[in-house]
Amino acid sequence: MQPNLNRLLRALAREGLEVTYDGRLYTVRLQGDANAPPAEVLLPPDLPVEGKAFRQLAHLAALKHPRGGEVLRVRATPDFHPGDSGVAIGSVLHTRGLVVPAAVGTDINCGMRLHVADLSVEDFLSRRDAFVERMKGHYFFGTRDVAMSSHAAEALLRDGIPGWLLETMEHPLGCAVKADLGQLDRESTRIHLGGSLEGDPAWAPSGLVKPGVVRDAGLATIGGGNHFVEVQRVEAVTDRARAWEWGVREGQLAFMIHSGSRDVGKHVGMAWLDRAREAWPQGASFPESGILPLADPELVAEYLRAEATAANYAFLNRLLLAELLRHTLRELFGDVEAPLVYDVPHNITLPWEGGWLARKGACPAEAGQPVIIPGSMGAASYLMVGCGDAAALASASHGAGRARSRFSMARGGADHREAALGLTGVDCITLRQERRIEEAPAAYKPIGPVVAAQVEAGIVREVARLAPLLTFKA
DNA sequence: ATGTGC
């Protein structure tokens, strides 16, 4: 146990937090609130503990709405860390009769997508420079052509990927997708929820859908922060049977995408943080945490439709990021097979056991389902299989977890910055040099112990480990 | 996270 742990627990107690630890699982609750369920955090003793994230978690568990509904359980993944809008990243919230927009936040349907490619690493690296130049054009310089009609955009926002596919006949990239239709049919089962939720185009930012207009709706863009597109090598297969079933082989080339709904999610998320405040019952006092749930069934349904709208956009954003990469591999190397392994959101509200489960930076880990846990820049990423562990609310971490803020990395002084750069050790393609510092491995917890803790707890099992070859960061 | 915002 870390020497400063007792000091931290005493400090938290002075602030009114009851915290206990059994060497594996913390339980946290607000003192004197015996009715609130305790919040649990799976965290091995050697990983850093953050008071602010504990406070946010205890407040999340203590949420109440004057008109009813309840928080059933709160759990946090080992990569959890403080979030804006009052909810820690890595929080999983099980509710009945209420939903909490802040428990998903503005990065709606941020998630992961993994493909493998039938191309040797040697062949790929032999044309690395040509590949990088083309992808830089697509991802950074707008050479991609993903413009679409207002019909296609509406269909996308309403129905997700299947809706978009039906309206994509005239679309240049649609031709490439169409050529792949057989494969896409097979792939649709490899997208969580089929890449399709019940959305409403009215919730899109104004201007995204303009009747009769064909435009670039900002799709196939990576986004900032920890988002990336990475070419990888399958460096180890630990569950041969499962890997075979999923089409993953050792030594294979792979590519992984971490991205979300961009400004659509931001627009929807912000609108609903405001809406939850407006909808708070007259005369009732605002909770000190600032986290506001929705309880009115019509409002809940409307929020979920809005969230679904952004989620649909994110599903297609990841698909098109992958499609551009696959298209470029084919231009350079001929008819390369590059099937989807899985696409899964880690920021979303979904129905669960008669209520709702809001995950914010937590990957669904239902029994038998693929779980994708990205490493920090330069570190390995993991393909896992979920165990459906109810104690963990069927959820795994969505990464290693940030240990130091972007701000603290950026102001760390010249020595610190150089050390961070030196440690990066990965071929990072970016136009913004500061990303290398903000996203340097030193900014993150080590991924190994984070994954090991979840394997030991019976939440996930390892299937394969993927090492980075080159990473695109916007 | 965010076509970050004044």
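Throughout, protein chains are lettered first and strands after them, A, B, ... in sequence-line order, and every chain is numbered starting at 1.
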### Summary
From CD1 of Ile89(A) across to C1' of dT2(B) the rounded distance in Å is 13 Å
#### Entry: Euclidean distance, atom CE of residue Met270(A) to atom P of dA1(B) [Å, nearest integer]
15 Å
### Query
What distance do Arg29(A) atom CZ and His59(A) atom NE2 have between them, rounded to the nearest 0.5 Å?
14.5 Å
## Note on the structure
Closest to the side chain of Lys266(A), out of dG5(B), dG3(B), dA1(B), is dG5(B)
### Query
Does a side-chain N or O from Arg262(A) land closer than 4.0 Å to OP1 or OP2 of dA1(B), or not?
no
## Note on the structure
Asp107(A) CG to dA1(B) P, in whole Å, measures 7 Å
### Message
What is the distance, to the nearest angstrom, from the CD atom on Glu307(A) to the C1' atom on dA1(B)?
### Response
14 Å
### Task
Identify whether any heavy atom of Gly224(A) sits under 4.0 Å from a base atom; if not, whether one sits that close to sugar-phosphate; answer base, sugar-phosphate or nothing.
sugar-phosphate
### Query
Counting any heavy atom closer than 4.0 Å, what does Gly265(A) reach on the DNA or RNA strands: base, sugar-phosphate only, or nothing?
nothing
### Query
Expressed in angstrom and rounded to an integer, what is the separation of Lys473(A) atom NZ from dT2(B) atom P?
11 Å
### Pair Ser381(A)-Glu230(A), side-chain contact (heavy atoms from CB on, under 4.5 Å): steps then yes or no
CA-CA 10 Å; Ser381(A) 294; Glu230(A) 187 164 275; 4.3 Å; yes
### cation_pi(Arg275(A), Trp272(A)) dist<6.0 Å, angle<=45
yes
### Query
His227(A) has an atom NE2; how far is it from atom P of dA1(B), in whole Å?
5 Å
### Message
Less than 6.0 angstrom separating the ring centers of His94(A) and Trp356(A), yes or no?
### Response
no
## Note on the structure
Rounded to whole Å, the NE2-P distance (His346(A) to dA1(B)) equals 9 Å
#### Entry: Listed partners of His81(A) passing ring pair (Phe, Tyr, Trp, His ring centres under 6.0 Å), at least two apart
none
### Query
So what does Asp84(A) hit on the nucleic acid, given a heavy-atom distance under 4.0 Å: a base, only sugar-phosphate, or nothing?
base
### Task
Indicate whether OP1 or OP2 belonging to dA1(B) is found under 4.0 Å from a side-chain N or O atom of Asn226(A).
yes
### Query
Separation of His267(A) atom NE2 from dG5(B) atom C1', in whole Å?
18 Å
